[in-house]
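Remarks on the structure that follows.
Within every chain, numbering begins at 1; the chains are lettered A, B, ... in the order of the sequence lines, protein sequences first and strands thereafter.
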There are 2 protein chains.
Amino acid sequence: MKQQLQIRMNENLFLRNPAQSELGKKIVGSSILLIHNNGFENFTFKKLAEVIGTTEAGVYRYFENKHKLLVYLTSWYWGWLEFQIVFKTNNIKNPVVKLKKVISLLGSAVEDDLQTDYIDEGVLYKIIIKEGSKAYLTKQVGEDNEKHFFKPYKDLCSIVGDIIIECNPKYKYPKSLASTLIEMSHFQNFFMINLPSLTDFGNSKEPNDIALFLTDLVFSSINKK
Amino acid sequence: MKQQLQIRMNENLFLRNPAQSELGKKIVGSSILLIHNNGFENFTFKKLAEVIGTTEAGVYRYFENKHKLLVYLTSWYWGWLEFQIVFKTNNIKNPVVKLKKVISLLGSAVEDDLQTDYIDEGVLYKIIIKEGSKAYLTKQVGEDNEKHFFKPYKDLCSIVGDIIIECNPKYKYPKSLASTLIEMSHFQNFFMINLPSLTDFGNSKEPNDIALFLTDLVFSSINKK
DNA sequence: CATAAATAATAGTAAAGCTATCAAAAATAA
DNA sequence: TTATTTTTGATAGCTTTACTATTATTTATG
């Protein structure tokens, strides 16, 4: 019997829950592919509707606009990643080992998770890298935040921050180090591929090099003196 | 006699050089204020034209589209900041002191530079924080990069990376640390103001706290063991 | 003063970003 | 199984954005 993993989503992100209908799942699944292919700026509900064989109005019945869809997708990703992290570090006692595991989970397009059939996590990961920050770098970030749109992202940062504190209770900047770690796992990846002179991994293009850098960065800070 | 500081700009960013006419300067100067007020997504050439008393077509004679204008603004900022950094660290011999100076220059809305009368660097700095990454987080980042649109940003990273190497010639990730430092000086600032739980400076909202965090982060890495 | 260059005024087009309406189909409840 | 509610499909339309083109007028320059 197939087990389906459901990520709990903020109800204000959608008009109709896309996880509860075939059309909704198609909207989410195909939007990931389309945003990846076209870039978020060139992505429209009309193009999406064509691809999945519905109408523009059909998509609008699920999402108010493409911004909310992007926030939905990023939220879903953070929720999913939190689950992965909690699940895969569950049995690890040593916080140092745990944090290293988190860094490796942050840094790679995971193998497609079969528990979530309509979402390709590998492609979604690439969207997070290229479009993820656009979810909050907006005029309405304050209102969106009041509606708790960024809770999954904050929760993840909080979990990582807590592990940092476990490693060294005296470290002064656990939250900022956590958000730095998460953001940089994506930015260094983006730079490596698109603007390689901004990184030290230009030639190898080996995602694991980023993990090595981040591990060095994080543990130097935590273990200072 | 008034000295005017001119930042050398990539010719492919504009159709007509905005620095060489009154209308051009108005376009640049007012676009900074408008983008800051409306956010980049809600900013249009039409609104800009209204504000400065010209027509949409008038703006299009200077810039092909708003993306190129954004790249122009960010490039200008990086060029200007490089000048500030080179100028203000010129006499500093000690690379550690130099790097600390760089961190403080990166982290604050500087006092409005009087050498550039039509550009408000303080407001431009805020645009860099909120909109800066949108200059390269696009579908066409590859083409833009081939046209050297991001050279000023790369140059700055390179300068910072060189100072890092001066501090410790054996440090393995000078470029990635430099880009991390620069990105985080903006992201932590954005988070502090808009999503404070992602930082450790939520209550104080004191930009200097960010500099302390970044100084700790950078020198822990450089001086490890 | 002549001429070239820059600007203003106006018009127009395709696409994006929606909203509204109504009929058909599918799911569900009586 | 029919009745009813919910969801979808088809179509239309409207405002704004993102441009391009044309011509007249002003401004700068030789």
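- Note on F63(A): nothing from the nucleic acid sits closer than 4.0 angstrom, heavy atoms only.
- Here dT8(D) presents its C1' atom at 17 Å from NZ of K25(A), a figure rounded to the nearest Å.
- Following rounding to the nearest Å, Q20(A) (CD) and dT8(D) (C1') show an atom-to-atom distance of 17 Å.
- Minimum atom distance to the side chain of Y60(A) is reached by dT19(C), of the listed dA6(C), dG9(D), dT19(C).
- Distance CG (N42(B)) to P (dT16(D)): 13 Å, rounded to an integer number of Å.
- Atom CD of E41(B) and atom P of dC18(C) are 13 Å apart (whole Å).
- Side-chain to base pairing of E56(B) with dC19(D): one donor and one acceptor N or O lie within less than 3.5 Å of each other.
- Close to dT7(D), at under 4.0 Å from its OP1 or OP2, lies no side-chain N or O of Y62(A).
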Below 3.5 Å between N/O atoms, which protein atoms pair up with nucleotides 21-29 of chain C? Just atom names and distances, please.
none

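- One interatomic measurement links the two molecules: NZ of K46(A) to C1' of dA12(D), which rounds to 12 Å at whole-angstrom precision.
- What separates CZ of R16(B) from P of dA28(D) is a distance of 14 Å, to the nearest Å.
- Computed from coordinates, the E50(A) CD to dT11(D) P distance equals 14 Å when rounded to whole Å.
- Taking atom NZ of residue K47(A) and atom C1' of nucleotide dA14(C), one finds them 13 Å apart after rounding to whole Å.
- Across every non-hydrogen atom of S31(A) and L48(A), the tightest pair is N-CD1, 3.6 Å.
- Across dT17(D), dT7(C), dG17(C), the shortest atom-to-atom separation from the side chain of T44(B) is found for dT17(D).
- A side-chain contact (heavy atoms from CB on, under 4.5 Å) with D120(B) is found for one member of L124(B), V123(B), D117(B) and no other, namely V123(B).
- The CZ atom of F190(A) sits 5.5 Å away from the NZ atom of K130(A) when rounded to the nearest 0.5 Å.
- Each of W78(B), F191(B), Y153(B) was evaluated against H186(B); a single residue qualifies, W78(B), per the ring pair (Phe, Tyr, Trp, His ring centres under 6.0 Å) test.
- A donor atom on one side chain and an acceptor atom on the other are not found under 3.5 Å apart for H67(B) and E41(A).
- The shortest distance between the side-chain N/O atoms of S21(A) and the OP1/OP2 oxygens of dT8(D) is below 4.0 Å.
- With no hydrogens or angles considered, no side-chain donor-acceptor pair links Q188(B) and T199(B) at under 3.5 Å.
- Checked against dT10(C), dT8(D), dT7(C), the side chain of T55(B) finds its nearest nucleotide in dT10(C).
- Checked options K26(A), K68(A), R16(A); the residue passing with Y62(A) is R16(A) (criterion: side-chain contact (heavy atoms from CB on, under 4.5 Å)).
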